[in-house]
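Because the structure is predicted, anything quoted here is derived from the model rather than measured.
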Amino acid sequence: MTDKKKAISSKTKALQLFHQDGIIDIISGALLVNFGFDILNNNETTSLFTWIPIILLSSLKNKTTIPRLGYESLGGDERQVKQWIFYPAVGMILVLILLGIFILGDPLDLKNTFILPFSGNSKTLFGSIIVSAACFITGLLISLNRFYVYGAVALVTGLISCFFLPIYFPFFLTASVMMVYGTRLMITFTRAYPLDDKRKNNEK
């Protein structure tokens with residue numbers, strides 16, 4: 001039982017290390033920015049441009065994170081590392097689908113189905129809950145405390161926007177927090193784990 005706990009603890013630490021590069025923060029923030037522009041443009045569905053950051057996730061991880069850490073420091077399981085890239089991408093896709101359904105075209109007529117007991121924009125509330133829930137789930141599954149902060153920012157700004165601010169405000173603000181902190185993490189990560197000469201040549 002002790003060996004099993006050690007293995008789980010080792011895997012969790014490797015997973016946390018793998019996501020200390022700030023890439024999923026920046027990608028998530030970019031998605032929210034793009035979705036905010038979908039709202040501003042009155043799109044009925046998410047644009048193709050909105051999905052582009054998800055495509056970049058794997059490329060950034062393979063060019064920035066894996067060459068610096070190596071598979072050995074991540075448990076030596078290449079398949080597991082690929083899953084650590086795949087699952088966040090799937091999660092982002094699901095979040096965008098939900099946001100598109102609840103915020104943009106509203107094909108299910110949710111605005112009239114769910115009537116709030118108070119005056120306010122229900123779409124803003126639904127959107128902030130979706131983003132907040134996604135952040136809290138990410139923080140729980142990957143054990144990254146910063147995603148709890150992102151979730152709180154999304155929820156609080158969503159509640160405020162529900163009454164006073166435009167519907168796109170919580171998306172842009174949450175995205176800004178994610179991207180600023182993600183950039184800081186990436187700078188710190190690349191300094192802490194510089195590429196050696198051999199890996200630089202491989203990257204070229």
Rounded distance (nearest 0.5 Å) linking atom OG of Ser47 with atom CD1 of Ile52 = 8.0 Å
CD1/Ile24 to CG/Leu60 distance, rounded to the nearest 0.5 angstrom?
-> 12.5 Å
Is the closest side-chain heavy-atom distance between Asn145 and Val149 below 4.5 Å?
-> no
Distance-only polar pair, side chains of Asp38 and Thr50, donor-acceptor under 3.5 Å = yes
dist Thr138:OG1 -> Tyr87:OH (nearest 0.5 Å) comes out at 14.5 Å
Once the angle between the rings of Trp84 and Phe18 is folded into 0 to 90°, is it parallel (under 30°), tilted (30 to 60°) or perpendicular (over 60°)?
-> tilted
Kindly say whether Phe171 contributes a backbone atom to a donor-acceptor pair with the side chain of Thr174 at under 3.5 angstrom?
-> no
So NE2 of His19 and CG of Leu144: to nearest 0.5 Å the spacing works out to 7.0 Å
Could Asp21 and Arg68 be called an ion pair, given the rule that one side-chain N must be under 4.0 Å from one carboxylate O?
-> no
Shortest non-hydrogen contact from Leu17 toward Ser73 = CD2-O, 4.5 Å
Between Thr190 and Ile187, is there a donor-acceptor pair closer than 3.5 Å when you use the side chain of the first and the backbone of the second?
-> yes
Around Phe37, counting heavy atoms of other residues, nucleotides and ligands shown, do more than 12 lie under 6.0 Å from its CZ?
-> no
Nearest heavy-atom contact between Ser128 and Ala154 is CB-O, 3.3 Å
Between Gln20 and Phe189, is there a donor-acceptor pair closer than 3.5 Å when you use the side chain of the first and the backbone of the second?
-> no
Answer with yes or no after comparing the ring centroid distance for Phe49 and Phe35 against a 6.0 Å cut-off, counting only values under it.
-> no
Would a hydrophobic clustering, with Ile, Leu, Val, Met, Phe, Trp and Tyr connected at side-chain separations under 4.5 Å, put Phe86 with Leu69?
-> no
Between Pro170 and Thr157, which heavy-atom pair has the shortest distance, and what is it?
-> CB-OG1, 3.4 Å
Taking side chain as C-beta onward, heavy atoms only, is Lys13 less than 4.5 Å from Ser143?
-> no
Could you please spell out the steps behind the side chain to side chain contact (heavy atoms under 4.5 Å, CB included) verdict for Leu185 and Ile23?
-> CA-CA 8 Å; Leu185 284 175; Ile23 289 177; over 6 Å; no
State, yes or no, whether a side-chain contact exists between Val33 and Tyr168 at a heavy-atom distance under 4.5 Å.
-> no
Do any N or O atoms from the side chain of Thr64 and from the backbone of Lys61 form a donor-acceptor pair under 3.5 angstrom?
-> no
Search all heavy atoms of Met179 against all heavy atoms of Ala30 and return the closest pair with its distance.
-> SD-N, 3.8 Å
Leu140 and Ile130: same hydrophobic cluster, using ILVMFWY side-chain contacts below 4.5 Å?
-> no
Do the side chains of Tyr71 and Tyr193 join up, straight or via other hydrophobic residues, at under 4.5 Å, putting them in one cluster?
-> yes
Yes or no on side chain to side chain contact (heavy atoms under 4.5 Å, CB included) for Gln80 and Lys11, after CA distance, side-chain angles and deciding distance?
-> CA-CA 10 Å; Gln80 177 179 268; Lys11 182 179 178 180; 3.2 Å; yes
Side chain to side chain contact (heavy atoms under 4.5 Å, CB included) between Phe147 and Asp25, intermediate numbers included | CA-CA 9 Å; Phe147 274 85; Asp25 309 64; 3.9 Å; yes
Closest non-hydrogen atom pair between Ser58 and Ile85, with its separation | CA-CG2, 3.8 Å
Output for pair (Ile160 CD1, Leu173 CG), nearest 0.5 Å, gives 9.0 Å
Looking only at non-hydrogen atoms, find the nearest pair between Ala175 and Leu32 and report the distance.
-> CB-CB, 3.7 Å
Side-chain heavy-atom pair Phe136, Tyr150 within 4.5 angstrom cut-off | no
Pick from Ile103, Ile97, Leu104, Leu99: which one makes a side chain to side chain contact (heavy atoms under 4.5 Å, CB included) with Ile101?
-> Ile97
Measure the CG-OG1 distance between Leu31 and Thr46 for me, rounded to the nearest 0.5 Å.
-> 10.0 Å
When clusters are formed by joining ILVMFWY residues with side-chain heavy atoms under 4.5 Å apart, either directly or through shared neighbours, do Leu56 and Ile54 land in the same one?
-> yes
What about Val177 and Met186, same hydrophobic cluster or not, with Ile/Leu/Val/Met/Phe/Trp/Tyr joined at side-chain heavy-atom distances under 4.5 Å?
-> yes
Could you go through the side chain to side chain contact (heavy atoms under 4.5 Å, CB included) check for Trp51 and Asn34 one step at a time?
-> CA-CA 8 Å; Trp51 299 85; Asn34 290 349; over 6 Å; no
